[in-house]
Novice: 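Quick one: this structure, given as structure tokens, is what I'll be asking you about.
Labels below follow one simple rule: chain letters A, B, ... track the order of the sequence lines, proteins then strands, and each chain is numbered from 1.
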Amino acid sequence: MNIIEVQNAVKHFNRGKIKALNDVSLSVTEGSAFGLLGPNGAGKTTLVKMLLGILFPTSGSARLFGQPISKPAVRDKIGYLPENHRYPDFLKGNEVLDYYGQFSAVPKDLRRQRAPELLKLVGMEKWGSTKIKKYSKGMMQRLGLAVALMNDPELLFLDEPTDGVDPIGRKEIRDLIQQLKSQGKTIFINSHLLSEVELVCDSVAIMNAGRIIVQGRIDQLTAKGHTYRLQTSEIPSTEYAALKNRFASLEMTNSHLEVTVGDYTELNQLIDHLRHRQIELRSLLPHRRTLEESFFAAIQGAASGDFNEMKGYSEKS
Amino acid sequence: MKFRSMIAYTLRESLAKKTFLGFFVITTIVHLLFMFALNVDIVSGGQAAMSLFGKDIPETVDMEKLMIGFKHIMSGLAVLMLTGGIFLAIFATGSLVPNMLEKGSVDLILSRPIPRWQILLGRYCGAVGLVAINVFYMTVGVWLIISLKIGLWHWPFLASGLVIVATFAVLFAIMTFIGVTVRNSGVSMMAAWFVMFFSPLLFQRDKIYALLSEKIWQWLLDGIYYLIPRTFELGDITRRVVAGEPITDWSPLIQSVLVGVGFLSAAILVFERKDF
């Protein structure tokens, strides 16, 4: 079941001068961890804000849990950790949890029970009685995460969840996200940290200039394509030129050969060619792209108007 | 529950702000002044001597004249409290709506399952409620001190608290509207002070007509007069209520309340549709 569904969402600001979202459609299935990626100004935060009713679409529609986003009650089961959040600094950690729990209609008894549990979960159990103006940025982020979980949400929106958190804290937050995912919660992460998204999410969408240019499962986006890395004995420059002449995609990097071939026949032809020239093949590995490589390829493809690269991903997804 | 929570949250936030503490401290100083500086002795035969702020005002009057003078003092005091109280209240609440709408804060509230009108109305009610607490602390305190010292319990004085709160509620509706549309504390406060400042001038606009070159400016003044709260005349109503004089014209109160309701409704309407 799709827990988030966006259909042809358009959002314009300044009477159409700024096109923040341009015909965006996406869906997120229940229980998955979804990452929304994109450079600054791509429209990621606009999309999240639209889903949470903080701003309104110019046209198009969106549904959460099958309900239109215009209904406030749809946010009953949602937790949200915004980027650069500002909780009132005159409150203590416990009070922040209590107030925002009240706003989500969490009963008093449950608030009292959950507040210390959540503070413990985010490693802040000793800080509940301290005013939050004394918290560091990393502590504020952990508190924000606890607040987002106060109403035991089924869907969590996390905007840069590890922003300002040290490496150990980042790992703890990643573990927590994994734990929440294993509990069946749907997680929607908006982040610049591609490596973290890769570790946590099942699927991603890459946005650029208000459009979704790629969407799919991470394992598909980073799937082994027809690119191979070969380690060989030394290749004389004349031989390399001859090889390059026949296999145009061949590149020599750090004593490795990297080649993208159309099919296995072409790969075997390359191997035959190397053997025929008495070049020893020491290893041959299919090359898996990182999410970062996929991201840059997609963004560059979008910028140059070459959609072949992106089309390839979309087809796989 | 969520609406009540929004009111409670506003009260909590307001209490944490030093401006409200300032309001409370100034009111307490006024109480202390009345408690210690005002020296009133009831002398045999209903004659009294009154010392205000430590200065003797020798006056020998009969009881009836004393009562009239007393009522005038009390009504003057009520008008003074209206002006001073409103001034402090505007200052103390000016940032409440714009602060809530700041980036990073507004997202946290709007993403909760609360209808937007409840968020804004909760904020409004919280602010008016807190000002009411402060104003009643001021009026009831002053009334209690004077009554205990003089031995005369002038009940109509307490009504001044209601008029002050009503006047503030009307002005805060304008501040809420400006706060939602402009999102600036300074401009919100200026709007309320503009109304307070121009209300007496507009009340006497017939004297200004002679200075105006074109008829259209007269119409403009008339239009403004009927579009903004008539706070100056509300002061006169306060004075009359406390002095026990009959009120011949309730239109300033009715118009002001209607303008307040109009601005609050407009603020809610804008807030319901605004992107943050």
Novice: Could you list the donor-acceptor pairs under 3.5 angstrom formed between side-chain atoms of residues 20-36 of chain B and any protein atom two or more places apart in sequence or on another chain?
Specialist:
unit_1: B:Thr27; atom_1: OG1; unit_2: B:Phe23; atom_2: O; d: 2.7
unit_1: B:Thr28; atom_1: OG1; unit_2: B:Phe24; atom_2: O; d: 2.7
unit_1: B:Thr28; atom_1: OG1; unit_2: B:Tyr137; atom_2: OH; d: 2.8
unit_1: B:His31; atom_1: NE2; unit_2: B:Tyr137; atom_2: O; d: 3.1
unit_1: B:His31; atom_1: NE2; unit_2: B:Met138; atom_2: O; d: 3.1

Novice: Measure the shortest side-chain to side-chain distance between B:Pro113 and A:Ser104 over non-hydrogen atoms and say whether it is less than 4.5 angstrom.
Specialist: yes
Novice: Could you check whether any side-chain heavy atom of B:Glu102 comes within less than 4.5 Å of a side-chain heavy atom of A:Arg86, counting everything from C-beta outward?
Specialist: yes
Novice: Of all heavy-atom pairs between A:Phe56 and B:Asp275, which one has the smallest distance, and what is that distance?
Specialist: N-OD1, 2.8 Å
Novice: Do any pairs count as a salt bridge (Lys or Arg N to Asp or Glu O under 4.0 Å) and have a residue in residues 36-54 of chain A, sequence neighbours left out, and if so which ones?
Specialist: A:Lys49-B:Asp107
Novice: Nearest 0.5 Å, please: how far is OG in B:Ser5 from OH in A:Tyr100?
Specialist: 12.0 Å
Novice: Going by salt bridge (charged side-chain N to carboxylate O under 4.0 Å, His left out), name the residues that satisfy it together with A:Lys77, two or more places apart in sequence or in a different chain.
Specialist: none
Novice: So which part of A:Glu95 gets closer than 4.5 Å to some heavy atom of chain B, the side chain, the backbone, both or neither?
Specialist: side chain
Novice: Once you round to the nearest 0.5 Å, how far does CE of B:Met6 lie from CZ of A:Phe103?
Specialist: 4.0 Å
Novice: Is it true that atom CZ of A:Arg211 has more than 12 heavy atoms of other residues, nucleotides or ligands lying nearer than 6.0 Å?
Specialist: no
Novice: Looking at B:Phe136, I want to see if its CZ is surrounded by more than 12 non-hydrogen atoms of other residues, nucleotides or ligands under 6.0 Å.
Specialist: yes
Novice: Under a 4.5 Å heavy-atom cut-off, does chain B meet the side chain of A:Ile54, its backbone, both or neither?
Specialist: both
Novice: Can you check whether anything in residues 138-148 of chain A gets within less than 4.5 Å of chain B, heavy-atom wise, and list it by number?
Specialist: A:Val147
Novice: Please classify the contact of A:Asn84 with chain B as side chain, backbone, both or neither, using a heavy-atom distance under 4.5 Å.
Specialist: backbone
Novice: Using heavy-atom distances under 4.5 Å, tell me whether A:Lys11 contacts chain B through its side chain, its backbone, both, or neither.
Specialist: side chain
Novice: Counting only heavy atoms closer than 4.5 Å, note whether A:Phe13 contacts chain B via side chain, backbone, both or neither.
Specialist: side chain
Novice: Measure the CZ-CG distance between B:Arg112 and A:Asp76 for me, rounded to the nearest 0.5 Å.
Specialist: 11.0 Å
Novice: Measuring heavy-atom distances to chain B, does A:Tyr99 have an atom under 4.5 Å in its side chain, in its backbone, in both, or in neither?
Specialist: side chain
Novice: Assess whether atom NZ of B:Lys274 is packed by more than 12 heavy atoms of other residues, nucleotides or ligands within 6.0 Å.
Specialist: yes
Novice: Does a side-chain heavy-atom distance below 4.5 Å link A:Ile78 with B:Ser111?
Specialist: no
Novice: Does A:Leu91 offer a backbone N or O that forms a donor-acceptor pair with the side chain of B:Arg12 under 3.5 Å?
Specialist: no
Novice: Is the number of heavy atoms from other residues, nucleotides or ligands under 6.0 Å of A:Lys181 NZ greater than 12?
Specialist: yes
Novice: So do the side chains of A:Leu55 and B:Phe276 get within less than 4.5 Å of each other, counting heavy atoms only?
Specialist: no
